[in-house]
Amino acid sequence: MTVTNVSAYDQGKEALEGLKTDDQLALLWFVYTKLGKSITPAAPGASGSEIAQGLFNQVKELPHEQQLQVMREIVEKANTQLSRQYGSLSPETKLAFWYFLAQGMESGTIIPMPPDYEFPSDGNVLLGRIENMDFQQQIDFLRGAVLVMGAEPAPGAEI
């Protein structure tokens, strides 16, 4: 593993922390839509994509406002059942879950981006940095970003 890859991964773990919850969600959305053609091959074929699909299906069944709430709870590491389920996933499965959410947003089964949403300038700067990374750095960055989301599974509890 090269220093560059570790750097992109570490950047991903730290970069989103400076953004508000909804801006973190927007960044993931923009990454998957702008870079989707290069990112998508890494997500659906990932081991555990069936598990990611299962978690996605649980979110998909909720009303749109609750879908947004679940995504916020995952970003904020809230101690909820879905956030704990997400927290127990492998990094690749977490990438696949966000990929499925992005697809769901495009198809309308998941709450879409508000038409009046304005991405903050620091988010745009971060998105530009991600766009300038090579494919492996982008994947490492995303892996680092989504890894730290979700609550820890609770011992002796349902996930």
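Without hydrogens or angle criteria, Ser49 side chain to Ala52 main chain gives no donor-acceptor distance under 3.5 Å. Remark: side-chain polar atoms of Gln67 are paired, donor with acceptor, to backbone N or O of Thr109 under 3.5 angstrom. A donor-acceptor pair under 3.5 Å links the side-chain atoms of Gln24 to the main chain of Leu16, judged by distance alone.
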Report task. Apply side chain to side chain contact (heavy atoms under 4.5 Å, CB included) to the pair Asp23 and Asp122, showing each step before the final yes or no. Result -> CA-CA 10 Å; Asp23 298 334; Asp122 52 346; 5.8 Å; no
Query raised in the report: Is there a side chain to side chain contact (heavy atoms under 4.5 Å, CB included) between Val75 and Arg72 once you walk through the steps?
Result: CA-CA 5 Å; Val75 168; Arg72 287 174 172 158; 5.8 Å; no
Query raised in the report: side chain to side chain contact (heavy atoms under 4.5 Å, CB included) between Ile111 and Met105: does it pass, once the steps are laid out?
Result: CA-CA 6 Å; Ile111 188 169; Met105 289 173 75; 5.8 Å; no
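Salt-bridge formation is not detected for the pair Glu152/Lys77: no Lys NZ or Arg NE/NH1/NH2 atom is positioned less than 4.0 Å from an Asp or Glu carboxylate oxygen. For the pair Asp140 and Arg143, the salt-bridge criterion is met [side-chain N within less than 4.0 Å of a carboxylate O].
Placement of Val148 and Leu27 in two distinct hydrophobic clusters is found when ILVMFWY residues are connected by side-chain heavy-atom separations under 4.5 Å, directly or transitively. Both Val146 and Leu68 sit in one connected hydrophobic cluster of ILVMFWY residues. Membership requires side-chain heavy atoms under 4.5 Å apart, directly or through other members. In the hydrophobic clustering of this structure, Phe119 groups with Leu126; members are Ile, Leu, Val, Met, Phe, Trp, Tyr whose side-chain heavy atoms approach within less than 4.5 Å, directly or through other members.
Residues Glu73 and Ser83 bring no donor and acceptor atom of their side chains to less than 3.5 Å of each other. Between the side chains of Asp134 and Gln138, no donor N or O sits under 3.5 Å from an acceptor N or O.
Classified by interplanar angle (parallel below 30°, tilted 30° to 60°, perpendicular above 60°), the ring pair Phe56/Phe100 is tilted.
Considering every non-hydrogen atom in both Thr21 and Glu76, the closest pair reads OG1-OE2, 2.8 Å. Here the closest non-hydrogen pair linking Ser90 and Thr93 is OG-OG1, 2.8 Å.
Side-chain contact between Met113 and Phe30: present, with at least one pair of heavy atoms (C-beta onward) separated by less than 4.5 Å. With a 4.5 Å cut-off on side-chain heavy atoms, Trp98 and Met71 count as touching. In this structure the side chain of Phe135 reaches within 4.5 angstrom of the side chain of Ile139, judged on heavy atoms. Under the 4.5 Å side-chain criterion, counting only non-hydrogen atoms from C-beta, Tyr32 is in contact with Leu95. Two residues are said to be in side-chain contact when any heavy atoms from C-beta on lie closer than 4.5 Å; Met149 and Leu28 meet this criterion. Between Phe97 and Ile51, every side-chain heavy-atom pair lies at or beyond the 4.5 Å cut-off.
A distance of 11.0 Å separates CD in Gln69 from CD1 in Ile74, rounded to the nearest 0.5 Å. Interatomic distance, NZ of Lys94 versus CG of Leu142, reported as 13.5 Å (0.5 Å rounding).
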